[in-house]
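Since the structure comes first, as structure tokens, the remarks are kept for the end.
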2 protein chains.
Amino acid sequence: MSSVPGVSEVGALDASDPLRHMRERFILPEGVIYLDGNSLGAASKAAFIELETAAKEEWAQGLIRSWNKAHWFELTQQLGDRIGRLIGAAPGETVVTDTTSTNIYKALHAALSLRPDRSVIVAEGSSFPTDLYMAEGVAATRPGTQIRLEGVNAPTIEELIDDKVAVVLVNHVNYRSGELRDMAALTRKAHDAGAIIVWDLCHSAGAMPVDLNGADADLAVGCTYKYLNGGPGAPAFLFAAKRHHQDLRQPLSGWWGHAKPFAFEQGYEADAGIRRFLCGTQPILSLRALKGALDIWDDVDMALLRQKSVELGNLFIELVEAHCGRFGVKLASPRDGTSRGSQVSFSHENSYAIMQALIERGVIGDFRAPDVMRFGFAPLYIGYHDVWNAVDALRDILETEAWREPRFAVRAAVT
Amino acid sequence: MSSVPGVSEVGALDASDPLRHMRERFILPEGVIYLDGNSLGAASKAAFIELETAAKEEWAQGLIRSWNKAHWFELTQQLGDRIGRLIGAAPGETVVTDTTSTNIYKALHAALSLRPDRSVIVAEGSSFPTDLYMAEGVAATRPGTQIRLEGVNAPTIEELIDDKVAVVLVNHVNYRSGELRDMAALTRKAHDAGAIIVWDLCHSAGAMPVDLNGADADLAVGCTYKYLNGGPGAPAFLFAAKRHHQDLRQPLSGWWGHAKPFAFEQGYEADAGIRRFLCGTQPILSLRALKGALDIWDDVDMALLRQKSVELGNLFIELVEAHCGRFGVKLASPRDGTSRGSQVSFSHENSYAIMQALIERGVIGDFRAPDVMRFGFAPLYIGYHDVWNAVDALRDILETEAWREPRFAVRAAVT
């Protein structure tokens with residue numbers, strides 16, 4: 001136990017943290033340690049300012065004129081490019097639009113349009129389920145399409161990739177365990193087999209540097225309401241490598257994706273670039289909150305962010321194992337920080353009730369069936385002392401068996 | 001000219017208008033007569049209150065807990081039912097989600113799933129183009145599907161409906177002319193041929209009473225940012241008659257449409273009811289502004305709304321023809337108010353420049369290529385005197401040829 005950091009050492013880590021000042025940009029409730037930014041990111045002053053301007057000035061006063069004057073119609077690309085910078089995309093390769101699920105549908109169809117002679121979609125059995133549901137939906141519109149799942153049809157995704165595979169749909173970071181894939185290596189493996197790869201960045205965008213073009217990725221999707229802090233249900237993003245643009249087809253061919261949306265032509269002609277992935281009119285108020293949230297990212301050094309993220313996770317693991325290990329909690333994430341996203345999961349047979357007890361004490365993580373407590377570490381607003389306090393609360397709940405109170409056993413739907 | 005109302009008669013109409021007090025609920029800029037609520041509806045105090053509560057209390061303070069405590073996950077159905085009341089739907093038949101374009105895609109696929117042995121989609125050549133683009137997208141995923149267009153393959157939509165037709169996709173009110181279809185008659189015609197009908201209510205929801213179930217309609221879509229005043233790009237709605245629910249399939253099968261979205265199962269199982277039309281996580285801030293806007297509708301008598309709408313349009317036509325007819329403006333909408341939505345269009349060879357000159361004077365309508373000036377009359381915040389003043393401005397611009405100033409000829413994209 002002598003090597004486990006004490007409270008004063010943790011305090012020193014905060015004092016020397018170069019990202020510590022970022023917390024001032026966010027609005028967090030008093031008395032809460034928020035370890036669920038991997039599910040819904042925190043609000044910020046910048047997001048509120050954008051939201052208020054969009055609502056009270058642009059909508060109320062500008063009315064229809066704001067589509068041009070306030071550049072609403074350009075938000076999908078403008079915000080796309082700002083996220084693009086964080087995920088290794090070039091300008092013009094990313095749009096913000098619709099939902100992750102809908103964007104998976106478009107990306108899979110687009111990938112299949114590049115490989116019309118192939119019929120297999122490879123995905124992960126352990127994926128966040130909507131990826132699989134959308135793959136099913138795509139398969140339903142392409143008779144003969146087969147879905148192969150890692151963990152079902154073979155133990156590893158690599159074993160599933162052969163010359164029948166049109167597209168590999170894969171999560172960069174697993175939503176449950178936090179396990180991080182090697183993007184460059186798996187992309188190479190897919191390409192070597194002649195397959196297209198679609199990366200789901202929901203749990204890595206804003207959590208670490210991502211280098212899509214460095215890995216030669218084809219397509220990617222992701223959400224903006226987790227680490228990017230865009231607000232509840234903020235529109236998702238879609239990336240497509242420029243080399244593919246002119247060949248990509250996707251059937252959600254709405255007017256926002258038309259080459260000349262305001263010519264009101266009868267026939268569809270896809271935009272030459274990334275706008276071909278747009279479909280219908282986007283929720284401007286939600287987009288503007290996201291715009292404010294992205295302002296913050298302009299000042300973030302992604303290498304420092306990653307370093308702090310790994311350190312927070314490592315400290316959490318070390319402290320939980322030292323102080324709570326005797327109560328049966330077991331690490332359910334990679335121990336090696338370089339193989340992990342910005343989250344750490346622990347399993348325990350009473351995880352649900354323990355997490356409810358933690359939340360009541362203001363330590364907010366989440367539960368994932370059947371037995372996982374998941375803790376996210378958003379380095380922009382979580383400090384080392386937060387980690388210390390969270391573990392202290394967990395230890396106390398386990399030691400006193402506070403989680404046994406019957407009210408903590410009642411399940412409610414959580415996202 | 002003697003029968004044309006004068007300014008005092010118009011004032012009397014406002015004084016006796018039972019909906020006049022509704023204007024107080026809205027926030028409109030000073031010096032503007034807003035005749036474009038058919039494109040983007042006005043902001044309201046109620047929308048701002050909801051937006052602020054959702055952002056500053058629920059998001060910032062409640063964080064992830066608000067998905068349950070603030071009932072965010074239920075908004076799609078809760079708001080759907082409130083719109084359902086305005087369009088003749090029963091509870092549980094309408095959801096608010098995604099965009100109109102995306103919902104057209106789902107509705108067309110769902111309709112085709114009811115008629116697997118048929119292959120023709122009928123639509124209108126004069127439709128707002130995204131309906132046609134989405135039909136193209138659906139056809140691309142169903143080899144052998146044909147699209148027949150009114151105005152291209154036959155002069156009237158009725159002539160296109162035969163026993164090969166799977167689905168008729170039709171606008172209740174034409175976006176350009178304001179022409180209103182007879183919903184009951186065309187639905188009967190489609191059903192007599194064994195076809196499914198999908199109504200696009202973008203220009204009728206919130207503009208008049210709509211009776212989907214009274215007409216025995218199958219499916220419908222529509223937007224919430226026009227007459228319903230939900231805010232720029234507010235999510236759209238989708239209606240499906242309960243009798244069809246268990247048989248409807250649509251390929252955007254995301255986790256929000258799953259029977260047990262929080263069980264995180266690998267395989268998709270559609271919700272038994274209207275939620276099977278949901279896909280991914282919805283933009284909560286935009287939904288909450290819409291919630292505020294819908295509060296206003298709880299107090300609206302739709303019969304009174306329709307009566308005022310028709311009267312506003314009739315007055316506008318009468319005044320424009322009397323005061324501006326000599327300058328070459330020609331009615332491009334049905335003269336009979338009962339065959340018209342809540343908008344009136346006039347054509348003129350210089351419509352673009354004339355509309356720009358009008359907008360500069362604070363009379364905001366819009367232009368639709370090639371030669372149409374379109375004026376919308378949202379009865380909740382437009383009065384008879386607004387109509388008078390708008391026509392007076394139009395007359396002055398035509399009389400003085402103010403529209404000839406070169407700056408009015410410069411085109412910019414407008415929605």
Side-chain angles (χ1 to χ4, degrees), chain A residues 27 29 34 36 39-40 42-43 48 51 55-56 59-61 63-64 67-68 72-73 98-102 105 125 129-130 132-134 136-138 140-141 231-235 251-255 258 262 264-266 268 279-286 289 364 366 369 412-415, chain B residues 27 29 34 36 39-40 42-43 48 51 55-56 59-61 63-64 67-68 72-73 98-102 105 125 129-130 132-134 136-138 140-141 231-235 251-255 258 262 264-266 268 279-286 289 364 366 369 412-415:
Chain A
I27 299 160
Y34 191 57
D36 211 6
S39 192
L40 172 63
F48 287 171
L51 191 59
K56 297 196 173 168
W59 176 21
Q61 299 298 315
L63 289 160
I64 191 69
W67 277 105
N68 289 318
W72 287 349
F73 196 65
D98 297 333
T99 66
T100 304
S101 297
T102 305
Y105 188 84
T130 208
L132 308 183
Y133 304 159
M134 296 316 293
E136 272 193 52
V138 169
T141 66
L252 292 174
S253 46
W255 71 300
H258 196 280
F262 298 103
F264 293 151
E265 293 172 354
Q266 272 181 359
Y268 186 73
C279 182
T281 306
Q282 291 301 296
I284 298 301
L285 299 176
S286 284
I364 301 180
D366 59 27
V414 287
T415 60
Chain B
I27 300 161
Y34 191 57
D36 212 5
S39 192
L40 173 62
F48 288 171
L51 191 58
K56 298 195 173 169
W59 177 20
Q61 299 299 315
L63 290 160
I64 192 68
W67 277 106
N68 289 319
W72 288 348
F73 196 65
D98 297 333
T99 67
T100 304
S101 296
T102 305
Y105 187 83
T130 209
L132 308 183
Y133 304 159
M134 297 315 294
E136 272 192 53
V138 170
T141 65
L252 293 174
S253 46
W255 70 302
H258 196 281
F262 299 104
F264 295 148
E265 294 172 355
Q266 273 182 358
Y268 185 73
C279 181
T281 307
Q282 292 301 297
I284 298 301
L285 298 177
S286 285
I364 302 181
D366 60 26
V414 287
T415 61

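Letters A, B, ... mirror the listed sequences (proteins, then strands); counts begin at 1. Bear in mind the structure is a predicted one, so any value in this text is a computation, not a measurement.
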Report task. Mind listing the closest non-hydrogen atom pair of A:Gly125 and B:Gln266 along with its distance? Result -> O-NE2, 2.9 Å

Report summary line: The side-chain hydrogen bond (donor to acceptor under 3.5 Å, both in side chains) partners of B:Thr102 (sequence neighbours excluded) come to B:Thr99

Query raised in the report: Considering residues at least two apart in sequence or located in another chain, which fulfil the side-chain hydrogen bond (donor to acceptor under 3.5 Å, both in side chains) criterion with B:Glu265?
Result: B:Lys260

Query raised in the report: If you take all heavy atoms of B:Gly254 and A:Thr130, which pair is closest and at what distance?
Result: CA-OG1, 3.4 Å

Query - Under 4.5 Å from a heavy atom of chain A, the part of B:Ile364 involved - result: side chain

Query raised in the report: Would you say B:Asp366 and A:Ile64 make side-chain contact, with heavy atoms under 4.5 Å?
Result: no

Query raised in the report: Quick one: does B:Leu51's side chain get under 4.5 Å of A:Leu285's, heavy atoms only?
Result: yes

Requested in this report: Could you tell me which of B:Ala234, B:Ala289, B:Gly231 has the largest number of non-hydrogen atom pairs under 4.5 Å with chain A?
Outcome: B:Gly231

**Report entry** Donor-acceptor contact below 3.5 Å, side chain B:Ser253 vs main chain A:Tyr133
**Finding:** yes

Report summary line: Minimal heavy-atom distance between B:Phe48 and A:Ala60, with the atoms involved, is CZ-CB, 3.8 Å

Report summary line: Closest heavy-atom pair, B:Pro232 versus A:Trp72, reported as atoms and distance to 0.1 Å, is CB-CZ3, 3.4 Å

Query - Euclidean distance, B:Met134 CE relative to A:Trp255 CH2, rounded to 0.5 Å - result: 13.0 Å

Query raised in the report: Which heavy atom in B:Pro251 sits nearest to a heavy atom in A:Tyr105, and how many Å separate them?
Result: CG-OH, 3.5 Å

Query - Between A:Gly280, A:Pro283, A:Ala369, the one whose heavy-atom pairs under 4.5 Å with chain B are most numerous - result: A:Pro283

Query - Residue selection (most heavy-atom pairs with chain B, distance under 4.5 Å) from A:Leu63, A:Leu252, A:Leu40 - result: A:Leu63

Query raised in the report: In terms of heavy-atom proximity below 4.5 Å to chain B, should A:Ile27 be classed as side chain, backbone, both, or neither?
Result: both

Requested in this report: Identify the heavy atoms of A:Thr281 and B:Gly233 that sit nearest to each other, and give their distance.
Outcome: CG2-CA, 3.8 Å

Report task. Select one option (side chain, backbone, both, neither) describing which atoms of A:Ala140 are under 4.5 Å from chain B's heavy atoms. Result -> neither

